[in-house]
Structure formats: C-alpha cells, structure tokens
Amino acid sequence: MCKIEGINTRIKKIDFSHLNKMGFYLEDGRQLYVPLSMFPDVKQLSKEERTKWRILDDIYFDFDTPSLSKVFSVEDAMYL
C-alpha cells in the first residue's frame with residue numbers, strides 16, 4: 001500500500017497491449033503505462049511468458065515462469 005494518504009496503488013490488471021510498454025490498471029481507476037525499459041527483466045520475457053503475471057499483496061507482481069523469479073512493485077514504476 002502506498003505511504004501517501006489517499007493514494008491507492010493496488011494493481012487490478014497488468015497489460016502489454018501497447019508497443020514496448022507495460023500497463024497497470026489500478027483499483028482506483030487510474031491507468032499507468034511505463035516503458036518496458038524500466039523493467040529490463042520483464043522486457044526479456046516472451047509474449048507468452050508476459051501473460052503469466054500474478055498480483056501479490058496488491059502492489060507487487062511477478063511472473064509464473066522459470067526464467068524469471070523476481071518480484072516487482074508498481075510503486076517502482078511510479079517513483080513513490
């Protein structure tokens with residue numbers, strides 16, 4: 001959960017439909033798109049591997065693939 005009062009950074013969905021970008025749909029209705037270059041490990045995943053994302057504890061996410069065993073945070077993309 002975000003440490004700034006009134007800001008909700010809970011992830012609802014992750015999307016890769018925009019070229020070279022990763023999209024986050026947040027529970028408060030906001031959409032955030034960041035260049036995949038911000039997450040080089042995710043950029044290296046195949047399109048199929050990117051569909052295997054999982055949300056962990058509302059603000060963290062990972063990918064259910066043996067090629068990547070790292071946990072990421074949407075707050076990293078937001079610079080919070």
Side-chain angles (χ1 to χ4, degrees):
M1 190 66 139
C2 182
K3 295 175 185 155
I4 300 173
E5 189 176 334
I7 301 292
N8 181 354
T9 57
R10 293 181 182 161
I11 304 170
K12 184 176 180 180
K13 178 183 169 185
I14 298 173
D15 176 67
F16 292 95
S17 62
H18 291 81
L19 186 61
N20 294 319
K21 293 187 180 179
M22 181 167 40
F24 298 97
Y25 293 81
L26 306 180
E27 287 192 4
D28 64 5
R30 288 180 294 158
Q31 297 176 11
L32 171 69
Y33 290 92
V34 297
L36 277 173
S37 60
M38 290 183 69
F39 294 92
D41 295 324
V42 176
K43 186 177 182 177
Q44 298 301 316
L45 295 174
S46 69
K47 287 183 181 183
E48 182 181 333
E49 289 174 317
R50 289 181 196 163
T51 65
K52 299 178 181 179
W53 54 269
R54 300 182 293 193
I55 298 170
L56 311 167
D57 198 26
D58 295 330
I59 63 168
Y60 300 101
F61 62 97
D62 73 352
F63 294 85
D64 187 18
T65 177
S67 63
L68 182 60
S69 60
K70 204 173 200 183
V71 174
F72 303 93
S73 169
V74 69
E75 292 182 352
D76 293 338
M78 299 178 80
Y79 298 107
L80 297 178

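Only heavy atoms go into these numbers, but all of them, side chains included; no hydrogens, no water, no symmetry mates. All residue numbers refer to positions in the sequence shown, counting from 1.
For the pair Arg54 (side chain) and Tyr60 (backbone), a donor-acceptor distance under 3.5 Å is absent. Although no hydrogens or angles enter the test, the distance criterion places no donor-acceptor pair under 3.5 Å between the side chain of Thr65 and the main chain of Leu68.
Taken from CG in Asp76 to CZ in Phe61, the straight-line distance is 7.5 Å, to the nearest 0.5 Å. Atom CG of Asp28 is separated from atom NZ of Lys12 by 10.5 Å, given to the nearest 0.5 angstrom. Between the OH atom of Tyr33 and the CG atom of Leu19 there is a distance of 13.0 Å, given to the nearest 0.5 Å. For the atom pair CD1 (Ile14) and CZ (Arg50), the distance works out to 12.0 Å, reported to the nearest 0.5 Å. Note: Ile59 CD1 to Phe24 CZ = 11.5 Å, rounded to the nearest 0.5 Å. In this structure, the separation between CZ on Phe16 and CD on Glu49 is 11.0 Å, given to the nearest 0.5 Å.
In this structure, Leu56 is a member of the same hydrophobic cluster as Met22, with clusters built from ILVMFWY side-chain heavy atoms closer than 4.5 Å. Tracing side-chain contacts under 4.5 Å through hydrophobic residues (I, L, V, M, F, W, Y), one reaches Val71 starting from Met38; they form part of the same cluster.
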Kindly determine whether Phe63 and Asp41 satisfy side chain to side chain contact (heavy atoms under 4.5 Å, CB included), including the steps that lead there.
CA-CA 11 Å; Phe63 294 85; Asp41 295 324; over 6 Å; no
Please lay out, stage by stage, how Lys13 and Trp53 fare under the test side chain to side chain contact (heavy atoms under 4.5 Å, CB included).
CA-CA 9 Å; Lys13 178 183 169 185; Trp53 54 269; 4.1 Å; yes
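Using a 4.5 Å cut-off on side-chain heavy atoms (C-beta onward), Ile11 and Tyr25 make no contact. Put simply, the side chain of Leu32 reaches to within 4.5 Å of the side chain of Met78, judged on heavy atoms.
By the 4.0 Å N-to-carboxylate-O rule, Arg10 lies close enough to Asp58 to be salt-bridged with it.
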